[in-house]
Trainee: 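Below you will find the structure I want to go over with you.
Below, chain A is the first sequence line, B the second, and so on; all start at residue 1.
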There are 2 protein chains.
Amino acid sequence: MELRIVVADAQELLADGLRMRLADHPDLRIVDHVTTGLGLLEWLEQDTADVVLMDVSLPLMDGIDTTRAIRTRFPQVKVLAHSALTEIEYVNSMLIEGAAGYLLKGASKEELVLAIRTVMGGGRYLSEEAQRSVERGYTHTDKRMDGQYVGLTEREREVIRFIAQEKTNAEIAAALHVSEETVKSHRKHLMTKLNVRSTAGLVKYAVDRCWV
Amino acid sequence: MELRIVVADAQELLADGLRMRLADHPDLRIVDHVTTGLGLLEWLEQDTADVVLMDVSLPLMDGIDTTRAIRTRFPQVKVLAHSALTEIEYVNSMLIEGAAGYLLKGASKEELVLAIRTVMGGGRYLSEEAQRSVERGYTHTDKRMDGQYVGLTEREREVIRFIAQEKTNAEIAAALHVSEETVKSHRKHLMTKLNVRSTAGLVKYAVDRCWV
DNA sequence: TGTACAATACCCACTAATGGGGAATTCACT
DNA sequence: AGTGAATTCCCCATTAGTGGGTATTGTACA
């Protein structure tokens, strides 16, 4: 009857903190922690878990992509998002990719336990701010208030990475062997999809997803 | 003979993790944790500490500014930087502002204890990557290899905050009641001081220092 | 008491980026 | 065969950003 929990967070210290908070719940056992999304997938190849406490901002493969991979390859594993980010973009993305809940890192011990038990019982758990974020819709602009999730293409991901690395359009065009016009086009699509007004918004998105 | 340690980190969970890691060192006691720089200063008004484990990225007042304030107002308190950031800009800034060491968040239990004992013994402790960062100099460009720290002025801080918030020059100019040309001028100075090539670099800096 | 420097504000010229509008190609999925 | 997504490229008008300056004020300090 023991729940096997894996923590996916870039900070190992955080896993220790979670262990401490679950100390008086012997049935909720943190069996291991991984620091990257890819690491988590490899771990799940070797071992089993009931629930993953998944940060959105993970190196190598972020929480959103990793959650999608888990739904495909390990559908029996519950994903409980565990992040400091409250933006609708991330909450929404995680839920669409299959997360059973979204817990903020500032949550209390009691909320942590409640969230884990809720998702293991087949329910959905949303922290208050995550719930508000979903209800409020996109904050950056007036567009896309439907909250519809639009994924980025591979090419768009490449371009936004370069942008966040302070590359100019010309440099990106050279690196991708396309014309500068194409890069501008991708940039335009990125801004529309992510509902941002400027490069600043693109950079913050890339940073949040550890794409830099 | 007990060392009083205060943890300043936006994530409370991290403080719990540190407590766990120091569990078998009864003389190293984490007496409290605060989640903002301002909160730390208020705490020090009321109580005493021997050492502060200070994250660079703190809300309200970041680790760099808070360290400067501590050196002035509580010079007897040792500051040990504890961050995930390894960029020379942050390592350098913390050391110049008076930090006695720079520890990475991925450090082991043993390194944590060593770092605390070193700074309490009057020494300076630098994590390997922090040491390399200092030696390597600025990474963004070829300029400022001397590693000299250049602080930002109040006005520059205001402007970089607006930029990271996706404001246009016209909007910033209106908000500050100056001409658009002045905003451009500040932007130029910011890029030179921070050694970045584009808005992307400015945004990342503001995000790292929790100025957004 | 200069003078040196930092901070702020401003101007001009040039380049880059943004926001409209399209459009052609390929490829996958009906 | 048709639809749609992805990628590629183009034009044009406007705005933003970059890099070269200058002027004023105030402060620090030799």
Trainee: Return yes if a side-chain donor-acceptor contact under 3.5 Å exists between A:Glu111 and A:Tyr125, otherwise no.
Mentor: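 Result is yes, a qualifying pair exists.
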
Trainee: Is the shortest distance from a Lys or Arg side-chain nitrogen in A:Glu171 or B:Arg197 to a carboxylate oxygen in the other one below 4.0 Å?
Mentor: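 Yes.
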
Trainee: What integer distance in Å separates A:Arg157:CZ from D:dA6:P?
Mentor: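 Those two atoms, CZ and P, are 12 Å apart.
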
Trainee: Quick one: is C:dC10 close enough that its OP1 or OP2 comes under 4.0 Å of any side-chain N or O from B:Ser179?
Mentor: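 Yes, because at least one side-chain N or O of B:Ser179 sits under 4.0 Å from OP1 or OP2 of C:dC10.
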
Trainee: Mind checking if B:His186 touches a base, just sugar-phosphate, or nothing, with heavy atoms under 4.0 Å?
Mentor: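 Sugar-phosphate, backbone atoms only, no base.
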
Trainee: Closest to the A:Lys188 side chain: C:dA7, C:dT18, D:dC10?
Mentor: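 Side chain of A:Lys188 sits closest to D:dC10.
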
Trainee: With a cut-off of less than 4.0 Å, is there a side-chain N or O of A:Ser185 near OP1 or OP2 of D:dT8?
Mentor: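 Negative; the distance criterion is not met.
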
Trainee: Any side-chain N or O of A:Arg197 below 4.0 angstrom from OP1/OP2 of C:dT18?
Mentor: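 No, A:Arg197 has no side-chain N/O under 4.0 Å of OP1/OP2 on C:dT18.
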
Trainee: Is the phosphate of C:dA16 approached by A:Asn169 (side-chain N or O, under 4.0 Å from OP1 or OP2)?
Mentor: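 For C:dA16, neither OP1 nor OP2 has a side-chain N or O of A:Asn169 closer than 4.0 Å.
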
Trainee: Please determine whether a side-chain nitrogen or oxygen atom of A:Arg155 lies at a distance below 4.0 Å from atom OP1 or OP2 of D:dT7.
Mentor: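 Looking at the OP1 and OP2 atoms of D:dT7, neither is under 4.0 Å from any side-chain N or O of A:Arg155.
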
Trainee: Salt-bridged, A:Arg187 to A:Glu156, with N to O below 4.0 Å?
Mentor: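 Looking at A:Arg187 and A:Glu156, the cut-off is not met.
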
Trainee: Between D:dT7, C:dT18, D:dT8, which nucleotide has the shortest distance from any of its atoms to the side chain of A:Lys184?
Mentor: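 Minimum distance to the A:Lys184 side chain belongs to C:dT18.
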
Trainee: Measure the acute angle between the ring planes of A:Tyr205 and A:Tyr90, then classify it against the limits of 30° and 60° as parallel, tilted or perpendicular.
Mentor: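 Parallel, since the angle between the ring planes stays under 30°.
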
Trainee: Without decimals, in angstroms, what is the distance between B:Glu158 CD and C:dA9 C1'?
Mentor: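 Spelled out: CD on B:Glu158 to C1' on C:dA9 is 14 Å.
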
Trainee: When the distance from CG of A:Leu190 to P of C:dG19 is rounded to whole Å, what number comes out?
Mentor: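 The distance from CG of A:Leu190 to P of C:dG19 comes to 12 Å, rounded to the nearest Å.
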
Trainee: Within the pair A:Thr199 and C:dT18, is there a side-chain N or O less than 4.0 Å away from OP1 or OP2?
Mentor: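 So the side-chain polar atoms of A:Thr199 do come within 4.0 Å of the phosphate oxygens OP1 or OP2 of C:dT18, strictly under.
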
Trainee: What is the distance, rounded to the nearest whole Å, between atom CD of B:Glu171 and atom P of D:dA16?
Mentor: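 One finds 8 Å between P of D:dA16 and CD of B:Glu171, rounded.
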
Trainee: Testing A:Asp47, A:Asp32, A:Asp50 one by one against A:Arg4 for a salt bridge (charged side-chain N to carboxylate O under 4.0 Å, His left out), which residue passes?
Mentor: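 In the set A:Asp47, A:Asp32, A:Asp50, the residue that makes a salt bridge (charged side-chain N to carboxylate O under 4.0 Å, His left out) with A:Arg4 is A:Asp47.
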
Trainee: By the 4.0 Å heavy-atom rule, please label A:Thr153 as base, sugar-phosphate, or nothing.
Mentor: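 Answer is sugar-phosphate: A:Thr153 comes under 4.0 Å of backbone atoms only.
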
Trainee: Please report the distance, rounded to the nearest Å, between NZ in A:Lys193 and C1' in C:dG19.
Mentor: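 The distance from NZ of A:Lys193 to C1' of C:dG19 comes to 17 Å, rounded to the nearest Å.
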
Trainee: Rounded to whole angstroms, how far apart are CE on A:Met191 and P on D:dT15?
Mentor: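 Atom-to-atom, A:Met191 to D:dT15, this comes out as 15 Å.
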
Trainee: Rounded off to whole Å, could you give me the CD-to-P distance for the B:Glu180 and D:dT15 pair?
Mentor: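 Atom-to-atom, B:Glu180 to D:dT15, this comes out as 10 Å.
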
